[in-house]
Amino acid sequence: MKVHVWYWLFVFFLGSSAYAVPLEIIYPKPESDSDTRYNYQWELLRQALAITDGDYLIRQADTVMSEERLVRELASNSRRVTIIRDNSSKALDNLLLAIPIPLKKGMLGWRVMLTHQDQQPALRQVETIYDLREYRFGLGQGWADKPILLAAGLKVVEGLRYDGLFQMLMAGNRFELFPRGLGEGVAEYHARKDRYPDMVLEESFVLRYPYVEYFYVNKRNKALAERIELGLNRLIENGTFTAIFDRYFEQSLRLLNLDTRTIIDIKNPFIGQVPYLDQEEYWLPHYLNRKGICDCQ
């Protein structure tokens, strides 16, 4: 009889300990110590998890992976990474489960250019997409905006590593323009201006296309997707989302003088689901107008 009791106590505690294991969330490791591109997204993720119920552990992946590999690892459920941030596309929506809250209000589709200072006089004359077809654009290997630029008739040169793209730009013979999201360009310029004193942030135009950044998880991880979506919507409702966005991006957006720039629009024929289009508080024009930064549509 005693053996029988101890057996069931053992089974009970074994099962209890299994359920007590916190949810482990693994996000991509930055390419280098100076790669701070996605700090904002991972802070949002932590806040979304913290405002919802359930224990969790969150950590970086053990190794650096390209964007293409990150998608493969997540789709295969290898557990080397359990969440990524990426830009909505039909192809990605077929492979992974999107959490369709626009993390940066669509800002990543508003592109300013890092370039060599010698290029600026000619770039002041740019007014249309036809003018931009005279230039070469530098992108990382496998970046999702490559097919968008190619579809618009623009020339693209790929580099293997993020940090190496700045070296390629300043070499002067690989490409002339390094397109960066509004929140990226200012930060990258200031972080590297001492190393690359001839690098400037182009001042006269914005290249714009629909480009929405989401969190993605494996298709079988619906519970995690629902939890993160719930958390993000709570952050939007209580103002935390905008407060974090302000801290990371408001100053940069004010420095870009968007009201004086020509906006050149191109299409994105590859974009996936965008379910919140009718809710203006999720999008950049509403933010810019409310802050008095730009009367943009």
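Within 6.0 Å of atom NZ in Lys291, more than 12 heavy atoms from other residues, nucleotides or ligands are found, so the atom counts as buried in its surroundings. Atom NZ of Lys146 has 12 or fewer heavy atoms from other residues, nucleotides or ligands within 6.0 Å. Heavy-atom contacts from other residues, nucleotides or ligands closer than 6.0 Å to CZ of Arg174 number 12 or fewer. A 6.0 Å sphere centred on CG of Asp53 holds no more than 12 heavy atoms belonging to other residues, nucleotides or ligands. Around atom CD of Gln251, no more than 12 heavy atoms belonging to other residues, nucleotides or ligands sit under 6.0 Å away.
In this structure, Ile51 CD1 and Leu235 CG are separated by 5.0 Å, a value rounded to the nearest 0.5 Å. Put simply, OG1 on Thr115 and CZ on Arg180 are 13.5 Å apart, with the number rounded to the nearest 0.5 Å. To the nearest 0.5 angstrom, Glu134 atom CD is 11.0 Å from Leu154 atom CG. Atom-to-atom distance recorded for Phe215:CZ and Trp42:CH2 is 5.5 Å, nearest 0.5 angstrom. Ile129 CD1 to Leu149 CG: the interatomic distance, rounded to the nearest 0.5 Å, is 8.0 Å. Note that the CZ atom of Phe270 and the OG atom of Ser88 stand 13.0 Å from one another [nearest 0.5 Å].
In terms of modelled atom types and a separation under 3.5 Å, the side chain of Lys219 and the main chain of Ala75 share no donor-acceptor contact. Between the side chain of Thr82 and the backbone N or O of Ile26, at least one donor-acceptor pair lies under 3.5 Å. Judged purely by atom type and a 3.5 angstrom limit, Arg227 uses its side chain to pair as donor or acceptor with the backbone of Leu49. A donor-acceptor pair under 3.5 Å is formed between the side chain of Ser204 and the backbone N or O of Leu123. Under a 3.5 Å cut-off, the side chain of Glu127 and the backbone N or O of Thr262 do not form any donor-acceptor pair. No donor-acceptor pair under 3.5 Å is formed between the side chain of Arg234 and the backbone N or O of Thr240. Side chain of Glu176 to backbone of Arg136: a donor-acceptor contact under 3.5 angstrom is found. For the pair Ser252 (side chain) and Gly183 (backbone), a donor-acceptor distance under 3.5 Å is absent. Between the side chain of Asp131 and the main chain of Thr128, a donor-acceptor pair closer than 3.5 Å is present.
Considering only residues two or more places apart in sequence or on other chains, Glu43 meets the salt bridge (charged side-chain N to carboxylate O under 4.0 Å, His left out) condition with Arg247. Qualifying ring-ring contact (aromatic ring centres under 6.0 Å, His included) partners for Tyr287, counting only residues two or more places apart in sequence or in other chains: Phe245.
Counting only heavy atoms from C-beta outward, the side chains of Glu31 and Asp163 never approach each other to under 4.5 Å. Counting only heavy atoms from C-beta outward, the side chains of Glu158 and Trp143 never approach each other to under 4.5 Å. Side-chain contact between Leu256 and Arg261 is present, with at least one heavy-atom pair separated by less than 4.5 Å. In this structure, the side chains of Asp86 and Leu70 stay at 4.5 Å or more apart for every pair of heavy atoms. Inter-residue side-chain proximity for Leu169 and Met199 is flagged as met; some heavy-atom pair is nearer than 4.5 Å. Side-chain contact between Leu97 and Asn221 is absent, with no heavy atoms from C-beta onward closer than 4.5 Å. By the 4.5 Å heavy-atom criterion applied to side chains, Val126 and Met113 are not counted as neighbours. Contact of the Lys104 side chain with the Arg85 side chain is not registered, since no non-hydrogen atoms from C-beta on lie closer than 4.5 Å.
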Applying salt bridge (Lys or Arg N to Asp or Glu O under 4.0 Å), run through Arg37 and Glu184 and close with a yes or a no.
CA-CA 7 Å; Arg37 286 174 293 170; Glu184 298 171 326; 5.8 Å; no
What's the verdict on salt bridge (Lys or Arg N to Asp or Glu O under 4.0 Å) for Glu226 and Lys222, showing C-alpha distance, side-chain angles and the deciding distance?
CA-CA 6 Å; Glu226 291 171 358; Lys222 292 182 179 179; over 6 Å; no
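Of the residues listed (Leu95, Ile99, Asp93), the one engaging Tyr216 in a side chain to side chain contact (heavy atoms under 4.5 Å, CB included) is Asp93, and it is the only one.
When only modelled atom types and interatomic distance are considered, Tyr38 and Glu213 share no side-chain donor-acceptor pair under 3.5 Å. Side-chain atoms of Tyr209 and Asn268 form no donor-acceptor pair, as typed in the model, at a separation below 3.5 Å.
Judged by a 6.0 Å distance limit and a 45° cone about the ring axis, Arg195 is not positioned over the six-membered ring of Phe166.
In this structure, Tyr40 has its ring center under 6.0 Å from that of Phe249.
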